[in-house]
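Bear in mind that the values here come from a model prediction, so they are computed numbers and not experimental data.
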Amino acid sequence: MHPAGLAAAGTPRLPSKRRVPMSQPGMADPHQLFDDTSSAHSRGYGAQRAPGNLGYPATSASPQAAFLTNPVSDMAVAYGSSLAAQGKELVDKNIDRFIPVSKLKYYFAVDTVYVGKKLGLLIFPYLHQDWEVQYQQDTPVAPRFDVNAPDLYIPAMAFITYILVAGLALGTQDRFSPDLLGLQASSALAWLTVEVLAILLSLYLVTVNTDLTTIDLVAFLGYKYVGMIGGVLMGLLFGKIGYYLVLGWCCMSIFVFMIRTLRLKILSEAAAEGVPVRGARNQLRMYLTMAVAAAQPLLMYWLTFHLVR
């Protein structure tokens, strides 16, 4: 026997090493006809496709969108809105307690026609006949419908203009300084505050039941700034002669205006009760009215004489 045959017969035959194709991740079995879509990889890939999106990945819902679609979130939003409404109502009540915003709107309900008529009434009160304030269902009508109604627009604008004119007058005299202008404004406000407090105290001591409010007093007392502006401007243009002429006319006009306006407010109770005007109590009311009217020219001169040289 051939040695090679003996060697082949005595040694066991080793199995032949054939290369078996290994399946790589993501590749299908070669003996499988269709792709296995039940695998985890295929399932994850297919979950990103949505029917009707042309094969593009579908956008997943965000946590915020999922929260908003929750009924609990709707209740939270409604509860938050109610809390906000309650807070706004509480703030409005507290503000209206200290600052009557609703009342202030009435005093600023003016228009151009009213402002023109009111300025004419302040400068020429001698030609006006009817001084009664008009009412509608026990409430006074807005100032733009009644020239006799008090307003805060003219006093506020007149006060600001008075400060500007005072600064102009001080500047023409080389005496302008921010401190001096601030002193001028604070002095005017201080005198106005003293006037209001003094009148309120006097009304309390005289025991006058009137519908004259604090805002009405501020409005009536603020009308004097109109004459002060005219006097200072005429003083800048024509010197002291123009200042005294214009200021004197405005002082008489504001005196007549205050007498005819306040007497209807302060003596309204006596007129309604039919009490004689010559009574001791009513005489005090008349003296109070004349004192308030007489104080206006004095303050007009005191707050402007040093501005004209």
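Following chains of ILVMFWY side-chain contacts shorter than 4.5 Å, one cannot reach Leu245 starting from Phe305, and the two form parts of different hydrophobic clusters. Note on Tyr106 and Val141: separate hydrophobic clusters, where clusters join Ile, Leu, Val, Met, Phe, Trp and Tyr whose side-chain heavy atoms are under 4.5 Å apart, directly or indirectly. Ile199 and Leu197 are members of different hydrophobic clusters when ILVMFWY side chains are connected at heavy-atom separations under 4.5 Å. A single hydrophobic cluster is seen to contain both Val206 and Val196, as judged by linkage of ILVMFWY side chains at heavy-atom distances under 4.5 Å, directly or through other members. Two different hydrophobic clusters hold Leu212 and Val194 under the rule that ILVMFWY side chains link at heavy-atom gaps under 4.5 Å.
Between Ser177 atom OG and Leu183 atom CG the span is 9.0 Å, to the nearest 0.5 Å. Atom CG of Leu233 is separated from atom CZ of Phe238 by 10.5 Å, given to the nearest 0.5 angstrom. Taking CD1 from Ile123 and SG from Cys250, the interatomic distance works out to 6.0 Å, rounded to the nearest 0.5 Å. Going from atom CD of Glu132 over to atom CD of Gln134 covers 10.0 Å, rounded to the nearest 0.5 Å. Rounded to the nearest 0.5 Å, atoms CZ (Arg309) and CG (Leu236) are 13.0 Å apart. Rounded to the nearest 0.5 Å, atoms CD1 (Ile229) and CE (Met234) are 12.0 Å apart.
Side chains of Lys224 and Leu299 form a contact here, defined as non-hydrogen atoms less than 4.5 Å apart. You'll find the side chain of Phe255 stays beyond 4.5 Å of the side chain of Gln296, heavy atoms only. Residues Met286 and Met290 form no side-chain contact, since every pair of their non-hydrogen atoms from C-beta on lies 4.5 Å or further apart. You'll find the side chain of Phe159 reaches within 4.5 Å of the side chain of Leu189, heavy atoms only. Counting heavy atoms from C-beta outward, Pro150 and Tyr107 have side chains that approach closer than 4.5 Å. Here the side chains of Tyr223 and Asp151 are in contact, with some heavy-atom distance below 4.5 Å. Looking only at side-chain heavy atoms (C-beta outward), Tyr225 and Thr161 stay at 4.5 Å or farther from each other. Counting heavy atoms from C-beta outward, Met228 and Val165 have side chains that stay 4.5 Å or more apart.
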Stepwise side-chain contact (heavy atoms from CB on, under 4.5 Å) check, Asn148 with Leu121: CA-CA 9 Å; Asn148 296 322; Leu121 179 61; 4.3 Å; yes
For the pair Leu303 and Tyr162, evaluate side-chain contact (heavy atoms from CB on, under 4.5 Å) and give the outcome as yes or no after the intermediate values. CA-CA 10 Å; Leu303 293 174; Tyr162 161 70; 3.6 Å; yes
Evaluation steps, side chain to side chain donor-acceptor pair (under 3.5 Å), between Thr304 and Tyr243: CA-CA 9 Å; Thr304 55; Tyr243 165 74; 2.8 Å; yes
Determine whether Val133 and Leu264 satisfy the following criterion, side-chain contact (heavy atoms from CB on, under 4.5 Å), listing intermediate values before the conclusion. CA-CA 9 Å; Val133 177; Leu264 296 177; over 6 Å; no
Check step by step if side-chain contact (heavy atoms from CB on, under 4.5 Å) holds for Val113 and Arg144. CA-CA 8 Å; Val113 177; Arg144 63 174 175 267; over 6 Å; no
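Checked by atom type, the side-chain pair Asp146/Tyr114 shows no donor-acceptor distance below 3.5 Å. Inspection of the Gln184 and His306 side chains reveals an N or O donor paired with an N or O acceptor under 3.5 Å.
Within 6.0 Å of OH in Tyr126 there are more than 12 heavy atoms belonging to other residues, nucleotides or ligands. More than 12 non-hydrogen atoms from other residues, nucleotides or ligands lie less than 6.0 angstrom from CH2 of Trp131. In the displayed structure, Tyr153 atom OH is contacted under 6.0 Å by at most 12 heavy atoms of other residues, nucleotides or ligands. Annotation for Leu201: atom CG counts as buried by contact number, over 12 foreign heavy atoms lying within 6.0 Å. Other residues, nucleotides and ligands contribute at most 12 non-hydrogen atoms within 6.0 Å of the OH atom of Tyr287.
Shortest non-hydrogen contact noted between Met258 and Ala293 is CB-CB, 3.7 Å. Shown here for Leu298 and Ala294, the closest heavy-atom pair between the two residues is CG-O, 3.6 Å. In plain terms, the two heavy atoms of Gly231 and Val246 that are nearest each other are N-CG1, 3.9 Å. Minimum heavy-atom separation, Pro155 to Ala219: CG-O, 3.5 Å. The nearest pair of heavy atoms linking Val232 to Ala169 is CG1-CB, 4.3 Å. Between Ala149 and Pro143, the shortest heavy-atom distance links the atoms CB-CA, 3.9 Å.
A side-chain contact (heavy atoms from CB on, under 4.5 Å) with Thr289 is found for exactly one of Leu284, Ile266, Thr261, namely Ile266.
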